[in-house]
Number of protein chains: 2
Amino acid sequence: MVKKKKEQTTEQVILEAAKKVFVVKGMAGARMQDIADEAGINKALLHYYFRNKEKLFEVIFMQAAAELFPKINKIFDADQPLFEKIESFCEEYIGVVMGSPYLPLFVINEINQDPEYFLKKVWSGKSKPNPAKFLEQIEQEVKKGTIKRVNPLHLLMNLLSMTIFPFVAKPMFQKNLGISEAQFREAMEQRKKEIPKFIIDAIKK
Amino acid sequence: MVKKKKEQTTEQVILEAAKKVFVVKGMAGARMQDIADEAGINKALLHYYFRNKEKLFEVIFMQAAAELFPKINKIFDADQPLFEKIESFCEEYIGVVMGSPYLPLFVINEINQDPEYFLKKVWSGKSKPNPAKFLEQIEQEVKKGTIKRVNPLHLLMNLLSMTIFPFVAKPMFQKNLGISEAQFREAMEQRKKEIPKFIIDAIKK
DNA sequence: ACTTTTGTTAACCATTTGGTTAAATCGTAT
DNA sequence: ATACGATTTAACCAAATGGTTAACAAAAGT
C-alpha cells in the first residue's frame with residue numbers, strides 16, 4: 001500500500017491517501033489508522049499535518065466538490081447553442097468522472113449526511129451552481145419553437161441523471177449485467193455521444 | 001423518538017428503529033445505542049433479539065433490497081408491449097420509491113461497500129434481476145423497425161437513471177434548485193408521465 | 001402453587017479509535 | 001561542529017462503541 005516517491009511532499013502523500021480512503025469508506029467508515037497506513041506514515045504524523053479527522057475530511061470533501069461542481073457551472077453558463085451545450089456537457093463531464101468514478105457517490109452521500117453543512121461550506125458564494133441560465137435557455141428554445149414544449153426542470157434532471165447515475169450505481173450495474181471494468185469504460189465512452197443523441201431526439205421538433 | 005404502540009411486538013419496534021437509523025447513517029455510521037434509543041429500549045435487549053450489529057444490519061439490508069428489486073423484475077419480465085412496459089415501470093417504481101425516498105441511496109451505498117457480499121447474499125438464485133428479457137424485447141422492436149436503432153443497454157441505463165437518480169441526489173437537487181419537500185414530491189409525481197414520454201419521443205420512429 | 005421459559009434491565013468489559021506527549025531524528029543556517 | 005526549528009516516531013490516554021453478564025420480572029406451562 002505504501003509508495004513514497006521522494007518528489008512528493010508528505011502533505012501530498014497524506015492527501016492522496018486520505019482521498020482514497022475517504023472516498024471509498026466515507027467519513028464515518030474511514031479510520032485514521034487506515035489513512036496513515038495507506039500513506040505509509042505514523043498516525044501521529046497525520047495529526048501533525050491535519051489537526052483532526054474533521055479537518056482532514058473537510059479538505060478532501062472540498063477538493064472533491066471542487067473537482068465536480070465548477071465544471072458544471074462553466075458549461076451551463078457558457079454562451080453556446082442548447083444542443084451544443086448538451087453535447088459538450090456530456091463529453092466533458094463523463095470525461096472528468098471517468099477519471100475518478102467514485103467521487104459522485106462520495107459527494108452525494110456526504111451531502112445527504114448533512115445538507116446544511118454542505119450548503120454553507122461548499123456553496124458560500126463563489127462556486128454555487130446556477131442552473132437558472134440553462135433553464136432559461138431551454139425556455140427560450142421552446143418559445144422559438146425549435147424544440148418541443150418540455151419542462152426545463154425535468155430536462156435538466158434527465159441530463160444530470162443519465163450522465164451521473166451510471167457511475168453512482170457502477171458496481172450494481174456491473175454485478176447485475178456481468179460487465180467487466182473494460183466494458184464499463186467502453187460503455188461510458190459511448191455515452192458521451194449516446195446521451196446527447198438520445199436527448200436531442202427526444203426534444204427536437 | 002420513542003413511540004411504543006402496544007400492538008407492535010418488540011421485534012417489530014426494533015426493526016423499524018433499525019431501518020430508520022441504518023438507512024440514514026449507513027452501516028458504518030449507525031450506532032447500536034441510537035437504534036436502542038430510537039426503539040425506546042435497552043441496548044442489551046437489542047442484542048437479545050439480534051445477536052450483533054452485522055446480523056441486524058443484514059436483516060434491514062435484505063428487507064430494503066426486497067422492497068426495491070423484485071418490483072423491477074416483475075415489470076421487466078411481464079408480457080407487455082415495450083412502450084407500455086416503460087410506462088408502467090416509471091409509474092410503479094416512482095410510486096414505490098416515493099414511499100421510502102432514502103432506500104435507493106442506502107442500498108447503492110452498501111452495495112458499493114462490498115459488491116461480493118451483495119451478490120452472494122441478495123441474489124442467491126431467486127430475486128436476481130434479469131434484464132435479459134427486457135433487452136431482448138428492445139432488440140426485437142429495433143428489428144421490427146418500430147423504434148430507432150438504439151443500443152438496448154444504454155436505453156436500460158437511461159430508464160433506470162432518470163427514474164432513480166433524482167431520489168439519490170434529492171438533497172442536492174433541493175438545496176441547489178431551492179425546491180421544497182412538496183415541490184419535490186410534485187416533480188416526482190410528474191416524472192411518472194414525463195420520463196416515459198421523454199423516452200418514447202427519443203426512440204419512436 | 002411452582003417451575004420453566006421468555007423478556008428486560010443496569011452494570012460491566014474489551015476493543016477500537018481519535019487524539020496527545022515527549023523524545024528522537026533530520027535538515028539547514030550559523 | 002552546533003544550534004535550532006521542522007519532521008517523525010513509539011508509547012500512551014480517554015472516550016466511544018460493540019458486546020456480555022447476572023440479576024430480575026413477566027408469561028406460560030405443569
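Side chains included, hydrogens not; waters and symmetry mates left out as well; all remaining heavy atoms used.
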* To do: Compute whether any side-chain donor of one residue and acceptor of the other, for A:Arg191 and B:Asn158, lie under 3.5 angstrom apart.
  => yes

* To do: Scan A:Tyr49 against the nucleic acid and name what it touches under 4.0 Å (heavy atoms): base, sugar-phosphate only, or nothing.
  => sugar-phosphate

* When every nucleotide of nucleotides 12-17 of chain C is labelled 5' to 3' by its protein contacts under 4.0 Å (heavy atoms), B for base, S for sugar-phosphate only, - for none, what sequence of letters results? -> -----S

* Asked: Is the shortest side-chain N/O distance from B:Thr10 to OP1 or OP2 of C:dT8 below 4.0 Å?
  -> yes

* Report the distance from atom CD1 of A:Ile14 to atom C1' of D:dT8, rounded to the nearest whole Å. => 11 Å

* **Rounded distance in Å - CG (A:Leu46) to P (D:dT9)** => 11 Å

* Could you check how far CG of A:Leu45 sits from C1' of C:dG19, rounded to whole Å? => 14 Å

* Asked: Without hydrogens or angle criteria, can the side chains of B:Gln113 and B:Asn109 be said to hold a donor-acceptor pair below 3.5 Å?
  -> no

* Protein-nucleotide distance (B:Ile41, atom CD1; C:dT9, atom P), rounded to Å -> 7 Å

* **4.5 Å side-chain heavy-atom contact, A:Met188 and B:Met157** => yes

* Asked: Could you state the CD-P distance from A:Glu11 to D:dA6, rounded to the nearest angstrom?
  -> 15 Å

* Base, sugar-phosphate alone, or nothing: which one does A:Asn42 contact when heavy atoms must sit under 4.0 Å apart? -> base

* Asked: Do B:Gln140 and B:Glu136 get their side chains close enough for a donor-acceptor pair, meaning under 3.5 Å?
  -> yes

* Out of D:dT9, C:dG19, D:dG19, which has the shortest distance to the side chain of A:Ala44? -> D:dT9

* **Axis bend over the full length of the helix from C:dA1-D:dT30 to C:dT30-D:dA1, computed from five pairs that close each end, to 10 degrees** => 10°

* Would you find a donor on one side and an acceptor on the other, under 3.5 Å apart, between the side chain of B:Tyr93 and the backbone of B:Leu68? -> yes

* Report yes or no: does B:Lys148 contribute a side-chain atom to a donor-acceptor pair with the main-chain N or O of B:Ala202 at less than 3.5 Å? => yes

* Could you give the CD-to-P distance, from B:Gln33 to D:dA15, as a whole number of Å? -> 17 Å

* Test side-chain contact (heavy atoms from CB on, under 4.5 Å) on B:Tyr49 and B:Leu15 and set out the steps. => CA-CA 10 Å; B:Tyr49 277 91; B:Leu15 285 174; over 6 Å; no

Filtered N/O pairs between nucleotides 25-28 of chain D and protein, under 3.5 Å:
none

* Any donor and acceptor pair, going by atom type alone, linking the side chain of A:Lys85 with main-chain N or O of A:Ala78 inside 3.5 Å? -> yes

* Side chains of A:Lys19 and A:Gln63: donor-acceptor distance under 3.5 Å anywhere? -> no

* Are side-chain heavy atoms of A:Gln174 and A:Glu181 found at a separation under 4.5 Å? -> yes

* Find the distance B:Phe50:CZ to D:dG18:C1' and express it as a whole number of Å. => 16 Å

* Quick one: closest heavy-atom pair of A:Pro104 and A:Val168, and the distance? => CB-CG2, 4.1 Å

* Asked: For B:Tyr48 and C:dT8, is the shortest distance between a side-chain N/O and OP1 or OP2 below 4.0 Å?
  -> no

* To do: Considering non-hydrogen atoms only, spot the tightest contact between B:Pro152 and B:Glu139 and give its length.
  => CG-OE1, 4.3 Å

* Interatomic distance where CZ belongs to A:Arg51 and P belongs to C:dG19 [whole Å] -> 11 Å

